[in-house]
Amino acid sequence: FCRHSLIKQEMAEADDQRVVHLKTTQQLSSAQRQGLQIEANRKFDSGSNKQHKIDKDARKLDQETENLHHNRVGMDVGKLIQQGRQAKGLSQKDLATRINEKPQVIAEYENGQAIPNNQVLGKIERQIGIKLRGKEKGQSLSQPTAAPGPAAATGTGKGKKK
């Protein structure tokens, strides 16, 4: 049954034909029981959600020259993760469990195939104790990254004898 079914009813008194559009399956089955001539017409691409022609989009893609891709984590970060994990005596599964991620995520980061996620990188940094982002990449998290402030350099008089 097609939504655009038509019934051609022949008039008994004249040779004219009358066209009736059916909207429900009940109307169709009723017309079939009466033995009326039924013709089903369907519009081209009716019932689909196609708003654009495929050939237009294909042509645009063929003409596209820009290479679009996601940036991946570098191999240097992968090596740092692997070295830090092994220094702590953790397997990929152990590290993944500690940061609430799947072991596959750790493997992708170590192989340089992962799309970087700052939340995941932050969790890994805290577990292995090595910075994985920024200028201090590869340094320990416990090392101070800035010069000490003036209070620490001069030292206040607490605890010292004059």
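The distance from atom CD of Gln32 to atom CD of Gln27, rounded to the nearest 0.5 Å, is 12.5 Å. To the nearest 0.5 Å, atoms CD (Gln86) and CG (Leu95) are separated by 11.5 Å. Remark: Arg98 CZ to Asn100 CG distance equals 12.5 Å, nearest 0.5 Å. With rounding to the nearest 0.5 Å, the separation of NZ in Lys123 from CG in Asn118 is 12.5 Å. One finds the CD1 atom of Ile81 at 12.5 Å from the CD atom of Gln127 (value rounded to the nearest 0.5 Å). Note that CE of Met75 is 8.5 Å distant from CD of Gln113, once rounded to the nearest 0.5 Å.
The two residues Glu110 and Arg85 make their nearest non-hydrogen contact at OE2-NE, 2.6 Å. Between Tyr109 and Asn117, the closest heavy-atom pair is OH-N, 3.0 Å. In terms of heavy atoms, Glu136 sits closest to Lys131 at O-CB, 3.5 Å.
For the pair Gln83 (side chain) and Gly138 (backbone), a donor-acceptor distance under 3.5 Å is absent. Judged purely by atom type and a 3.5 angstrom limit, Ser30 has no side-chain atom pairing as donor or acceptor with the backbone of Gln26.
Counting only heavy atoms from C-beta outward, the side chains of Ile128 and Leu80 never approach each other to under 4.5 Å. You'll find the side chain of Ile115 reaches within 4.5 Å of the side chain of Arg72, heavy atoms only.
Of the N and O atoms on the side chains of Ser91 and Asp94, at least one donor lies less than 3.5 Å from an acceptor on the other residue.
Partner of Ile124 under the side chain to side chain contact (heavy atoms under 4.5 Å, CB included) criterion, chosen from Val77, Ile130, Leu132: Leu132. The side-chain hydrogen bond (donor to acceptor under 3.5 Å, both in side chains) with Gln104 is formed by just one residue from the set Glu101, Glu108, Lys102; it is Glu108.
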